[in-house]
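Structure first, commentary second.
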Amino acid sequence: MRAVVTITLLGLALISGRMNKPNMEILGETTLMGLRQVLGEELPRHYRSDTDSTMVRMGYDLVHEGRTQKDGRQTTYISRFYSCTSCHNVEREDADLTRIDPDSRLEWAIANDLRYLPASTFWGVVNRTQWYNDDYEQKYGSLVDAARNDLVESMQLCAQECSQGRMMEDWEVESMLHYFSTLEVELEDLGISGADAEVLRYGKLSNEGKLGILDSYFLPRSPAHVGEVPADKKAGYGIEGRAGKGKAVYELGCQSCHQAGGESDLVLDDSKKTFRWLKRNITKDDRYSLYEIIRKGTYAEYGHREYMPFYTLEKLSNQQVEDLRAYIEKMAD
Amino acid sequence: MIRIVSFLMLLCVITCSAQHFSSRTFIDTRIVNGQSVETNASGIAKFIISHRFGRLNTGAYELFGLDESTIRIGLDYGVTDFLTVGLGRSSFQKTYDGFAKVRWLRQSHGERQFPFTVSSFHSTAINTLRDPFPQKETEFSERVAYVHQLLIARKVNDDLSIQLMPSFVHRNLVIGEDSEHDILSLGGAVRYQVAKHWALSAEYYHDVLDRLDPNRFNPIALGVEIETRGHVFQFQFGNARGMIENYFIAETAGDVTAGDIHFGFNITRDFKLRGRKYQ
């Protein structure tokens, strides 16, 4: 029964998504991956061009809930503490796919009623070529070596370290890859200009040149840089906060995990007492200061595996931290 | 079939989206002595250690009751978000207890409103003292007591929550010839959030039909609740020593007016035993 419902909802979502989108076709292809293949690029080993609906359904369940039905039986959770969607959206998160701009990502989240999460979206994850980039090495050390250039390895690292769960079985990984492949970027999403479309279709440019054009429309990796905690927490980052933006960070970001029944034990509601408590913790000189928590996160401990991941500068800019502070201070007063 | 399922799902999505449930009416599944409307989230095991000490008015020699401790160790488990089952063992009367608590309705606002959260609590307790009733030979069935409670709570605002607890206690065997097997009691509780992580609470049960034994009293208790990362500490002062419902509702021996006050506390710790759907 659950499978029928999931497939129905998934089908409706996919159909409605496709129906809203006019199909852009170049050289007989409508997807970024398909066009790159036509231009001579080898398909990455994590990409499933011929997705299987049962695998997609199981992958969907695993990503969204952490378990699925297989052979008529409920499987065990990958993690007791998180599901993939605790930290990752599955929708497009940026209007402009060629640059990192936290402010415009937040605007997009507000406009599309998305959560503002610390990890990159799974939308287009199969189109990327690197994961656990840049400063993730500071947190996970040599574990990122294998994960950086291999989506399957990065999924396993995420399952075991980030979500404090178990190693995934081969069929689970395969199911998720089938699901991820349905979240691939389509040519229509790229906003390719008419001139570039003409070149891609009919231009005498080499395939490498055409691939270069495609590269200019989509970032193949999500940069990740650790931000510093300000030396003087009272002064903060020295940027004036915008309480309106901070409200969105609080509601779409903080509260996505810190809601009642959410991933965290610590519930951040909209009560005055919560805001006053948060305000007191902004400038506190300990690891629970707002700045410390956002920039460094917390660590899983024996007996308390749940932790908070840190926000990179790309996922929460210093300006947005000050926005959040301004909102908290406004609500506390 | 698929069309019917899709229609029902769509209906559910539409109706649910118009309804916003109140959450955390109480922080824990206990208020002071008694149960709150809250149930464990699915997959959460709650380990509870409770202590009740002797009377404060026993003086310094007994360190105001601290020399005389009783303990209950319990484990509750959230089978689903709305069904919790639990087991416990109290040194008081060497009693084992098991219970089920079901949350039937949730307070909600928005287009579909409901003013209360309603749960029911059902427990069985077995006294395993060697000679609980020395006057006579005791059958197993006579050692058993049952409690049924309806728990009706309202979160009035972010800080204040109130609860009513119509309660029925049945004891298979009672000592006195005039003692009643069945006690009907109406409980009331209030909790006020003083700061982000601590609150004050109070609880009282009134014997509605005046059926308590002459040397038994209505239980009253005041508590301070402190929430930390993963733990909840509930400190309390009250006239009851029993830590399960049939004892504190029907067999509280402390007379508040005589200063028979016990200090006690509950410490709860949650463990996630399995995952769940988070969004």
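Below, chains carry the letters A, B, ... as their sequence lines are ordered, and counting in each starts from 1.
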Inset, instruction - Run through E245(B), Q234(B), R52(B) and flag the one making a side chain to side chain donor-acceptor pair (under 3.5 Å) with N33(B). - result: R52(B)

Inset, instruction - Please determine, among G66(A), G262(A), S264(A), the option with the most heavy-atom pairs under 4.5 Å with chain B. - result: G262(A)

Inset, instruction - Select, from I78(A), L278(A), D265(A), T274(A), the one with the greatest count of heavy-atom pairs under 4.5 Å involving chain B. - result: T274(A)

Inset, instruction - Tell me yes or no: between the side chains of S86(A) and E263(A), is some donor less than 3.5 Å from an acceptor? - result: yes

Legend entry - H178(A) side chain vs M55(A) backbone, donor-acceptor pair below 3.5 Å: no

Inset, instruction - Flag the one option from A195(B), G43(B), G230(B) with the top tally of heavy-atom pairs under 4.5 Å to chain A. - result: A195(B)

Inset, instruction - Can you tell which part of Q193(B) gets under 4.5 Å to a heavy atom of chain A, answering side chain, backbone, both or neither? - result: both

Legend entry - Segment of R269(B) engaging chain A (4.5 angstrom heavy-atom cut-off): side chain

Inset, instruction - Under 4.5 Å heavy-atom distance to chain A, tell me which part of D159(B) shows up: side chain, backbone, both or neither. - result: side chain

Inset, instruction - Any chance you could lay out the salt bridge (charged side-chain N to carboxylate O under 4.0 Å, His left out) test for R305(A) and E301(A), step after step, and finish with the verdict? - result: CA-CA 5 Å; R305(A) 312 302 298 178; E301(A) 295 165 9; over 6 Å; no

Legend entry - Region of F275(A) that comes under 4.5 Å of a non-hydrogen atom in chain B: neither

Legend entry - ring-ring contact (aromatic ring centres under 6.0 Å, His included) between F53(B) and H51(B), intermediate numbers included: CA-CA 6 Å; F53(B) 298 96; H51(B) 275 292; 5.7 Å; yes

Legend entry - S42(B) and D81(B): side chain donor to acceptor below 3.5 Å: no

